Amino acid sequence: MSKNITSEIKFLVELDENRVPEKLTWSALDGGVEKEDAKAIMLSIWNSKIQETLRIDLWTKDMPVDEMKLFFHQTLVAMSDTFQRATQDEKMVETMKDFCDYFAEKLELKK
């Protein structure tokens, strides 16, 4: 009989008196990460029962706007890569990557 293995990823959110995130940390002990600081987190969870994506989007109040723009761009690029691995839909992947390039150009992220 095979034994299931579990792995845990934790996010800790420290809030100010107005419940605005001041500090974010995350741990994934299987990956060698313990209480690593973060400035932003975007987490998407697929609920198959209701066919809907649930989201958690958090960022600290001291997250610089220029870093937020980079974070969004890199997240869009990563989503393109994940979409490619999940669907093998090369035509749509190229469209998504074109948009990522456009996004970076409009925000003047590429030097």
Side-chain angles (χ1 to χ4, degrees):
M1 174 186 253
S2 71
K3 182 178 177 184
N4 288 340
I5 298 170
T6 62
S7 182
E8 184 174 71
I9 300 171
K10 286 185 180 182
F11 297 99
L12 296 176
V13 182
E14 292 182 26
L15 306 170
D16 69 9
E17 64 278 353
N18 296 314
R19 302 191 59 80
V20 174
E22 282 193 322
K23 184 174 182 180
L24 301 170
T25 58
W26 69 287
S27 300
L29 298 182
D30 286 353
V33 178
E34 187 169 2
K35 292 189 178 176
E36 188 73 28
D37 286 336
K39 292 285 184 187
I41 298 169
M42 281 193 231
L43 178 65
S44 298
I45 303 166
W46 179 248
N47 184 320
S48 186
K49 189 184 305 181
I50 61 174
Q51 295 286 292
E52 190 172 295
T53 300
L54 309 173
R55 294 185 3 232
I56 298 171
D57 300 325
L58 297 171
W59 58 93
T60 60
K61 56 187 172 184
D62 66 341
M63 172 76 165
V65 172
D66 59 331
E67 287 184 28
M68 183 61 88
K69 291 175 181 181
L70 283 169
F71 177 56
F72 263 82
H73 178 257
Q74 291 177 10
T75 299
L76 290 168
V77 171
M79 288 175 64
S80 299
D81 295 339
T82 301
F83 188 80
Q84 182 175 28
R85 286 194 318 274
T87 67
Q88 305 301 309
D89 186 338
E90 297 299 327
K91 186 175 180 183
M92 185 51 68
V93 169
E94 287 306 313
T95 300
M96 292 171 74
K97 289 187 177 199
D98 286 344
F99 175 75
C100 291
D101 289 342
Y102 173 80
F103 186 91
E105 178 185 323
K106 289 298 178 184
L107 291 178
E108 299 178 350
L109 298 179
K110 295 192 176 184
K111 311 246 186 287

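Here the structure is a predicted model, which is why all the values come from computation and not from measurement. All values below come from the heavy atoms of this structure, side chains included, with hydrogens, waters and symmetry mates left out.
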Side-chain donor/acceptor pairs under 3.5 Å, residues 77-87, sequence neighbours excluded:
unit_1, atom_1, unit_2, atom_2, d
S80, OG, L76, O, 3.1
D81, OD1, K97, NZ, 3.3
T82, OG1, A78, O, 3.0
Q84, NE2, E90, OE1, 2.9
Q84, NE2, E90, OE2, 3.1
T87, OG1, F83, O, 2.7
T87, OG1, D89, N, 3.2

Counterpart residues, side-chain contact (heavy atoms from CB on, under 4.5 Å), relative to D30 (two or more places apart):
S7

For V13, all residues meeting side-chain contact (heavy atoms from CB on, under 4.5 Å), sequence neighbours excluded
L15, P21, L24, L58

Listing request: all salt bridge (charged side-chain N to carboxylate O under 4.0 Å, His left out) pairs with a residue in residues 4-15, at least two apart in sequence or in separate chains.
E8-K10

In residues 40-54, what donor-acceptor pairs under 3.5 Å come from side-chain atoms, sequence neighbours left out?
unit_1, atom_1, unit_2, atom_2, d
N47, OD1, K49, N, 3.0
N47, OD1, I50, N, 3.2
Q51, NE2, S48, O, 2.8

All N/O donor-acceptor pairs, side-chain side in residues 63-75, below 3.5 Å, sequence neighbours left out:
unit_1, atom_1, unit_2, atom_2, d
H73, NE2, C100, O, 3.3
T75, OG1, F71, O, 2.7

Answer yes or no: does atom NZ of K39 have more than 12 heavy-atom neighbours from other residues, nucleotides or ligands under 6.0 Å?
yes

Quick one: do L29 and V33 end up in the same hydrophobic cluster if we chain Ile, Leu, Val, Met, Phe, Trp and Tyr together by side-chain heavy atoms under 4.5 Å apart?
no

For E22, give me all partners under side chain to side chain donor-acceptor pair (under 3.5 Å), at least two apart in sequence or on another chain.
K61

Could you tell me which residues satisfy salt bridge (Lys or Arg N to Asp or Glu O under 4.0 Å) with E36, sequence neighbours excluded, listed by chain and number?
none

N18 side-chain N/O to V20 backbone N/O, donor-acceptor pair under 3.5 Å:
no

How would you list, by chain and number, every residue that makes a salt bridge (Lys or Arg N to Asp or Glu O under 4.0 Å) with E105, sequence neighbours excluded?
none

Greater than 12 external heavy atoms within 6.0 Å of I9's CD1:
no

